[in-house]
*Asks:* 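Got a structure for you, questions after.
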Amino acid sequence: TGKLGEGTKAAISSVTGTQLNHNARALFKSVPLRTFNFTFTMIPTNADEANVIKAIVRHFREELYPTGLDMAGINYGYKFPNRFIIETRYKDKSIPGLKFLPAYLQSVNSVYNTQGMGMHEDGNFSSTSITLSFTESKALMKQHIQADF
């Protein structure tokens, strides 16, 4: 069948009502890294809370990027950003079956005044929503699932 042209193959299939089995197989190649997002909406009730929210947004923005390494004012590389250890808890107890490997922060998306267009009297936003996207730093294996990941 390797020497038959496509037109000949199609004609034979049409006449006989059959199709050749190409024995296609899926082969394992690799394990993708898990990615996940968390979205938080923060609504300050006073100036102190608004300042804490600003600090939270700044912290995640800083941790998103690597530290530049330079010599004599020339950037020659980067130091990896910190990895996050993420835990899920409810009433001071871990949630079974929901664990994460150490993860890098991949993106930070901030949206201001999602609850409305008003501002606080001091000029702070009335609400801030942030979406954090993470990618685990290594791929899961069967052993991780068996260990309740």
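Worth knowing before you read on, the calculation uses all heavy atoms, side chains too, and leaves out hydrogens, waters and symmetry mates.
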*Asks:* With a 4.5 Å limit on heavy-atom distance, are the side chains of T128 and T41 in contact?
*Replies:* no
*Asks:* Only counting residues at least two apart or in another chain, list the ones meeting side chain to side chain donor-acceptor pair (under 3.5 Å) with R58.
*Replies:* E62
*Asks:* Checking the side chain of E49 only, and the main-chain atoms of T45 only, is there a donor and an acceptor separated by less than 3.5 Å?
*Replies:*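 Between the backbone of T45 and the side chain of E49 there is a qualifying donor-acceptor contact (under 3.5 Å).
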*Asks:* With heavy-atom distances below 4.5 Å as the criterion, would you say the side chains of P66 and K79 are in contact?
*Replies:*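 They are not in contact (no side-chain heavy atoms under 4.5 Å apart), so the answer is no.
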*Asks:* Over all heavy atoms of both residues, which pair between D122 and A47 is shortest? Give the atoms and the distance, please.
*Replies:*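 The answer is OD2-CB, 3.2 Å.
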*Asks:* Cluster question for you: counting only ILVMFWY and a side-chain heavy-atom cut-off of under 4.5 Å, with indirect links fine, are I86 and Y90 together?
*Replies:* yes
*Asks:* Between Q146 and K142, is there a side-chain heavy-atom distance shorter than 4.5 Å?
*Replies:*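 Yes. Closest side-chain heavy atoms under 4.5 Å.
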*Asks:* Assigning hydrophobic clusters by single linkage (Ile, Leu, Val, Met, Phe, Trp, Tyr; side-chain heavy-atom cutoff under 4.5 Å), is F40 placed with V108?
*Replies:* yes
*Asks:* Listed by chain and number, what are the side-chain contact (heavy atoms from CB on, under 4.5 Å) partners of I56, not counting sequence neighbours?
*Replies:*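 So I56 forms a side-chain contact (heavy atoms from CB on, under 4.5 Å) with M42, V52, F60, I130.
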*Asks:* Kindly give the heavy-atom pair with the smallest separation between A139 and P32, and that separation in Å.
*Replies:*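 A139 and P32 have their closest heavy atoms at CB-O, 4.3 Å.
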*Asks:* Tell me whether L101 is reachable from I145 by hopping between hydrophobic residues (I, L, V, M, F, W, Y) whose side-chain heavy atoms are closer than 4.5 Å.
*Replies:*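 They do share one cluster, since a chain of ILVMFWY contacts under 4.5 Å joins I145 to L101.
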*Asks:* For S110, which residues count as a side chain to side chain donor-acceptor pair (under 3.5 Å) partner, sequence neighbours excluded?
*Replies:* none
*Asks:* Look at the aromatic rings of F36 and F38 and report parallel, tilted or perpendicular, splitting at 30° and 60°.
*Replies:*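 Perpendicular.
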*Asks:* Check whether S137 reaches the backbone of P102 with its side chain - one donor and one acceptor, N or O, closer than 3.5 Å.
*Replies:*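 It does hold such a pair.
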*Asks:* Looking only at atom types and distance, does a side-chain atom of T88 sit under 3.5 Å from a main-chain N or O of L98, one as donor and one as acceptor?
*Replies:*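 Yes, because the side chain of T88 sits within donor-acceptor range (under 3.5 Å) of the backbone of L98.
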*Asks:* If you round to the nearest 0.5 Å, how far is CG of N124 from CD1 of I53?
*Replies:*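 One gets 8.5 Å once the value is rounded to the nearest 0.5 Å.
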*Asks:* When you measure from the side chain of S14 to the backbone N and O of A10, does any donor-acceptor pair fall under 3.5 Å?
*Replies:* no
*Asks:* With side chains defined as the heavy atoms from C-beta onward, is the minimum distance between T135 and R34 less than 4.5 Å?
*Replies:*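 No, their side chains stay 4.5 Å or more apart.
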*Asks:* Please lay out, stage by stage, how Y112 and V57 fare under the test side chain to side chain contact (heavy atoms under 4.5 Å, CB included).
*Replies:* CA-CA 11 Å; Y112 299 97; V57 172; 3.9 Å; yes
*Asks:* Apply ring-ring contact (aromatic ring centres under 6.0 Å, His included) to H144 and list each qualifying residue two or more places apart in sequence or on a separate chain.
*Replies:*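 Once residues adjacent in sequence are excluded, the partners of H144 under the ring-ring contact (aromatic ring centres under 6.0 Å, His included) criterion are F149.
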*Asks:* Hey, is the main chain of Q106 close enough, under 3.5 Å, to the side chain of S133 for a donor-acceptor pair?
*Replies:*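 Such a contact is absent between S133 side chain and Q106 backbone.
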*Asks:* What pair of heavy atoms forms the shortest contact from S13 to Q19, and how long is it?
*Replies:*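 Reported closest heavy-atom pair: OG-OE1, 3.5 Å.
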*Asks:* Please say yes or no: joined through hydrophobic side-chain contacts below 4.5 Å, possibly via intermediate residues, are I85 and I95 part of one cluster?
*Replies:*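 Hydrophobic grouping puts I85 apart from I95.
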*Asks:* For L64 and Y104, what are the C-alpha separation, side-chain angles and deciding distance, and is it a side chain to side chain contact (heavy atoms under 4.5 Å, CB included)?
*Replies:* CA-CA 8 Å; L64 176 63; Y104 288 107; over 6 Å; no
*Asks:* Can you name the closest pair of heavy atoms from L33 and K138 and give their distance?
*Replies:* CD2-C, 3.3 Å
*Asks:* Side chains of T131 and N37: donor-acceptor distance under 3.5 Å anywhere?
*Replies:* no
*Asks:* Do the side chains of N75 and L69 get nearer than 4.5 Å, heavy atoms only?
*Replies:* no
*Asks:* List for me each residue that meets side chain to side chain donor-acceptor pair (under 3.5 Å) alongside N46, sequence neighbours excluded, and say none if there are none.
*Replies:* none
*Asks:* Roughly how far, to the nearest 0.5 Å, is the CG atom of N113 from the OG atom of S127?
*Replies:*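 Here the rounded value is 5.0 Å.
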*Asks:* Evaluate the criterion side chain to side chain contact (heavy atoms under 4.5 Å, CB included) for residue pair K93 and R89; output intermediate values, then yes/no.
*Replies:* CA-CA 5 Å; K93 293 183 183 177; R89 302 182 71 75; 5.5 Å; no
*Asks:* Does R61 have any salt bridge (charged side-chain N to carboxylate O under 4.0 Å, His left out) partners at least two apart in sequence or in another chain, and if so, which?
*Replies:* none
*Asks:* Heavy atoms, side chains only, cut-off 4.5 Å: are L105 and F84 in contact?
*Replies:*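 Yes, at least one pair of side-chain atoms sits under 4.5 Å.
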